[in-house]
Asker: 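Please find one structure pasted underneath; my questions will follow.
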2 protein chains.
Amino acid sequence: MPNSDDSTRVRLLDAAGTVFADRGFDKATVREICTRADVNLAAVNYHFGDKARLYVETLLHAHEVVFEQVPLPKWSEDTPPQQKLADFIETMLQRMLLARSLPWQARLMMREFVAPTTDCRELAETYIQPHNRILMEIIGELVPAETPEYSRFQIAFSIVGQCMFYKMNSSLMQALVPEEQIAEHFGPATLARHITAFSLAALGQPDHFQKYLQTLSEEIAT
Amino acid sequence: MPNSDDSTRVRLLDAAGTVFADRGFDKATVREICTRADVNLAAVNYHFGDKARLYVETLLHAHEVVFEQVPLPKWSEDTPPQQKLADFIETMLQRMLLARSLPWQARLMMREFVAPTTDCRELAETYIQPHNRILMEIIGELVPAETPEYSRFQIAFSIVGQCMFYKMNSSLMQALVPEEQIAEHFGPATLARHITAFSLAALGQPDHFQKYLQTLSEEIAT
DNA sequence: ATATGTTTCATACAGTTGTTTGAAACGTGT
DNA sequence: ACACGTTTCAAACAACTGTATGAAACATAT
């Protein structure tokens with residue numbers, strides 16, 4: 001009957017998180033997970049049945065933690081959609097760049113986005129769908145009413161795509177961008193400003209990106 | 001001395017391509033590769049030393065083939081940068097979506113972008129850097145002259161990020177977008193048009209995306 | 001204290017993996 | 001026809017994997 005805060009279970013869940021995150025599902029071994037969790041090898045099979053189910057539960061656990069650790073700000077009735085979009089982008093980036101530091105959850109989420117191991121229907125329904133719906137609603141406020149749905153989907157993916165890119169291709173980025181610039185101009189806050197401006201401009205708020213670029217060159221000039 | 005068009009070598013290289021592409025480095029087995037190539041199991045070790053070196057050579061081979069199979073169009077002196085950007089995006093998407101059909105090279109490239117197995121310095125220098133340089137030059141023609149370099153990097157990544165997203169998250173996309181819409185509105189040509197319009201609008205060619213959206217809703221209306 | 005259900009443990013098992021081996025087959029120049 | 005370097009082959013090896021097992025340790029309620 002004691003089940004909820006079972007120490008071995010959560011210890012296993014945590015250890016599995018780190019290991020899965022930086023080894024991937026295949027290269028991660030049950031043995032390493034158990035060693036790290038300081039539990040017996042058989043514990044995985046006892047508590048989760050097999051490696052695959054442990055993985056799924058770890059994924060769900062990871063999303064839960066990240067989503068509540070970096071929540072979306074509350075918006076009032078009259079928050080302008082531009083502000084909402086800015087918030088959304090910054091939240092998304094922070095959730096992703098969270099992985100840079102200690103917690104492993106974001107890294108794990110990214111991995112699953114990119115090379116899905118399970119069919120992850122449950123994951124999509126529980127976390128990704130609602131998240132995407134919010135973005136779609138914001139976009140709905142920013143485009144003409146007649147804009148077809150598929151077009152709004154494309155816009156959503158254009159925005160999300162920008163965010164994801166920085167997280168996933170950090171190694172590629174480091175091969176292309178000089179090191180000094182990375183430290184200074186590719187942190188979460190700066191990137192959020194860039195992506196927001198870029199996307200708002202694309203959506204017919206032309207001032208945003210042009211003004212933003214002007215600001216930058218003025219900063220440089222001084 | 002016979003080395004260049006060694007039949008087993010290239011057969012191995014091709015088979016390795018397909019297998020690595022849809023299984024990934026870890027899950028791909030030397031056995032499957034050899035079976036598919038119709039060569040003996042020991043051939044990999046004889047010709048390439050080990051699995052890792054086979055992988056690297058496969059990667060280089062893949063890039064070479066894709067880049068020459070889907071080349072950038074030639075531009076004249078007075079090709080407008082808007083056109084160049086459109087071409088660049090379409091080429092990139094076609095290279096990526098190429099993977100949908102027979103050839104495996106693009107899938108493989110994507111995999112390596114996302115979860116690099118090797119440090120792939122050679123890859124970055126030979127293929128990715130020059131490719132990125134072209135994009136940076138196009139962007140240079142589209143933004144104010146004073147725009148700082150890091151900002152142009154960010155813009156480049158915003159564009160590339162959009163393209164990559166569709167390729168990598170096709171499974172995620174399928175979970176979010178209704179099936180009928182995918183077939184009709186998420187092919188390479190349509191996506192290229194969307195991303196081009198979106199990005200040009202962001203870069204202060206506001207007409208592009210607004211006009212594009214208008215066109216869409218008019219098409220719907222009829 | 002005893003019994004019962006739960007959790008942990010050490011160990012073993014069966015399968016798959018990359019890699020090695022040594023002999024056979026092949027091609028080529030003499 | 002011979003010899004020699006190259007390439008192929010079947011078979012085996014050693015290491016590692018996820019999983020199963022059955023006994024021990026534990027907790028809890030009667």
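Here is how names work: the chains are called A, B, and so on, in the same order as the sequence lines, proteins then strands, and each is numbered from 1. Only a predicted model underlies this, so the values are computations on that prediction, with no experimental measurement involved.
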Asker: So if I apply the side chain to side chain contact (heavy atoms under 4.5 Å, CB included) rule between B:Lys84 and each of B:Ile89, B:Ile139, B:Ile138, which one comes out positive?
Answerer: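 By the side chain to side chain contact (heavy atoms under 4.5 Å, CB included) criterion, B:Lys84 pairs with just one of B:Ile89, B:Ile139, B:Ile138: B:Ile138.
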Asker: Taking only the side-chain heavy atoms of A:Ala42 (C-beta and beyond), determine which of D:dT21, D:dA10, C:dT8 contains the nearest atom.
Answerer: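 Looking only at side-chain atoms, A:Ala42 lies closest to D:dT21.
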Asker: How long is the line joining CG of A:Asp38 and P of C:dA10, in whole Å?
Answerer: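 Taking atom P of C:dA10 as the reference, CG of A:Asp38 is at 11 Å.
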Asker: For a quick test of reading the model: is some side-chain N or O of A:His47 closer than 4.0 Å to OP1 or OP2 of C:dT6?
Answerer: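 No.
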Asker: C:dC9 P sits how many Å from A:Asn40 CG, rounded?
Answerer: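 A:Asn40 atom CG is separated from C:dC9 atom P by 5 Å.
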Asker: Is A:Thr8 close enough to C:dT7 that one of its side-chain N or O atoms is under 4.0 Å from OP1 or OP2 there?
Answerer: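 No, no such contact exists.
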Asker: Looking at every heavy atom in both B:Lys51 and B:Asp26, which two are closest together, and how far apart are they?
Answerer: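 Minimum heavy-atom separation between B:Lys51 and B:Asp26: NZ-O, 3.6 Å.
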Asker: Round to the nearest Å and state the distance from B:Arg9 atom CZ to D:dT8 atom C1'.
Answerer: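 Checked: the CZ to C1' distance equals 16 Å.
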Asker: When the aromatic ring centroids of B:His131 and B:Phe88 are compared, is their separation below 6.0 Å?
Answerer: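 That pair passes the under 6.0 Å test.
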Asker: Using 30° and 60° as the class limits, which term best fits the ring planes of A:Phe25 and A:Tyr55: parallel, tilted or perpendicular?
Answerer: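 Taking A:Tyr55 first and then A:Phe25, their aromatic rings stand perpendicular (interplane angle over 60°).
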Asker: Using a cutoff of under 3.5 Å, can you pull out all pairs of nitrogen or oxygen atoms linking the protein to nucleotides 14-18 of chain D, with atom names and distances?
Answerer:
{"residue": "D:dG18", "atom": "OP1", "partner": "A:Ala28", "partner atom": "O", "Å": "3.2"}
{"residue": "D:dG18", "atom": "OP1", "partner": "A:Val30", "partner atom": "N", "Å": "3.3"}
{"residue": "D:dG18", "atom": "OP1", "partner": "A:Lys51", "partner atom": "NZ", "Å": "2.9"}
{"residue": "D:dG18", "atom": "OP2", "partner": "A:Val30", "partner atom": "N", "Å": "3.0"}
{"residue": "D:dG18", "atom": "N7", "partner": "A:Arg31", "partner atom": "NH1", "Å": "2.9"}
{"residue": "D:dG18", "atom": "O6", "partner": "A:Arg31", "partner atom": "NH2", "Å": "3.2"}

Asker: Search all heavy atoms of B:Ser158 against all heavy atoms of A:His194 and return the closest pair with its distance.
Answerer: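 For B:Ser158 and A:His194, the tightest heavy-atom pair comes out as OG-NE2, 2.7 Å.
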Asker: Of the non-hydrogen atoms in A:Pro71 and A:Glu68, which two are nearest, and what is the gap between them?
Answerer: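 Nearest pair, atom of A:Pro71 first, then A:Glu68: CD-O, 3.9 Å.
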